[in-house]
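Here the structure is laid out as structure tokens; the discussion comes afterwards.
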Amino acid sequence: MTERTEERFNVYTKSRTSIGTGSNAPLELVDFVVGGSYDTSNYKYTVLNGGTYLIGISVNKSGNSSTGTADIMVSRSGQDDFMISRRQLIVFARDSSINQVFMFKLEAGDILYATSPYGNPVTNISTYTSDDIKNSFW
């Protein structure tokens, strides 16, 4: 019998930062990383063990923008980066949350990151100082 290996991570930020078009979500604070690795300079998580993962992200639509999206992307050796989350377009309310949670089968060495193709969502509605994690990528 093979021992089960669990891998998990949660990263976040306490600042209100716009995720500019084509930019990765600037989540520089690490709550925890068990297995795999997270690079705080490019905001990318590298998968150590292949398997089915529950993945999620939470960001906010900017109050100054009429739209906002957040995509979760994968870099896989030998392939172009590809989107694994269905794009969510928010157009109906200021400061709306964009929350995605889904399952996806990843391979060892895959690199996950969150980006915005357009709409400039923000990491938080406002900057905060508590230890409570509000918006994150996991």
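By the 4.5 Å heavy-atom criterion applied to side chains, Val30 and Asn10 are not counted as neighbours. Residues Asn24 and Ile19 are not in side-chain contact: their nearest non-hydrogen atoms beyond the backbone lie 4.5 Å or more apart. Looking at heavy atoms from C-beta onward, Ser37 lies out of side-chain contact with Leu48 at the 4.5 angstrom threshold. Contact annotation: the side chain of Arg8 never approaches that of Trp138 to less than 4.5 Å [non-hydrogen atoms, C-beta and beyond]. Between Glu7 and Val47, some side-chain heavy-atom pair lies under the 4.5 Å cut-off. Contact check for Val74 versus Asp81: no side-chain heavy atoms found under the 4.5 Å cut-off. Proximity of Leu106 to Asn49: side-chain heavy atoms (C-beta onward) are nowhere separated by under 4.5 Å. Counting heavy atoms from C-beta on, the side chains of Tyr43 and Val11 never come closer than 4.5 Å.
With ring centers used as reference points, Phe9 lies under 6.0 Å from Phe137.
Smallest separation of non-hydrogen atoms from Leu29 and Thr13: CD1-CA, 4.2 Å. For Tyr12 against Ser136, the heavy-atom pair with the smallest separation is CB-CB, 3.9 Å.
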Legend entry - Step-by-step side chain to side chain contact (heavy atoms under 4.5 Å, CB included) determination, Leu54 to Phe104: CA-CA 7 Å; Leu54 181 65; Phe104 193 82; over 6 Å; no
Inset, instruction - Verify side chain to side chain contact (heavy atoms under 4.5 Å, CB included) between Ile84 and Phe102, making sure each step is shown before the conclusion. - result: CA-CA 9 Å; Ile84 62 172; Phe102 59 95; 3.8 Å; yes
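With rounding to the nearest 0.5 angstrom, the OH atom of Tyr113 is 12.5 Å from the CD1 atom of Ile57. Atom-to-atom distance recorded for Glu28:CD and Ser41:OG is 12.0 Å, nearest 0.5 angstrom. Atom-to-atom distance recorded for Asp71:CG and Gln100:CD is 7.0 Å, nearest 0.5 angstrom. Atom OH in Tyr38 sits 10.5 Å away from atom NZ in Lys44 (nearest 0.5 Å).
Each of Ile111, Thr115, Leu112 was evaluated against Met73; a single residue qualifies, Thr115, per the side chain to side chain contact (heavy atoms under 4.5 Å, CB included) test.
Classification of Asp110 and Arg76 as a salt-bridged pair holds, one side-chain N sitting under 4.0 Å from a carboxylate O.
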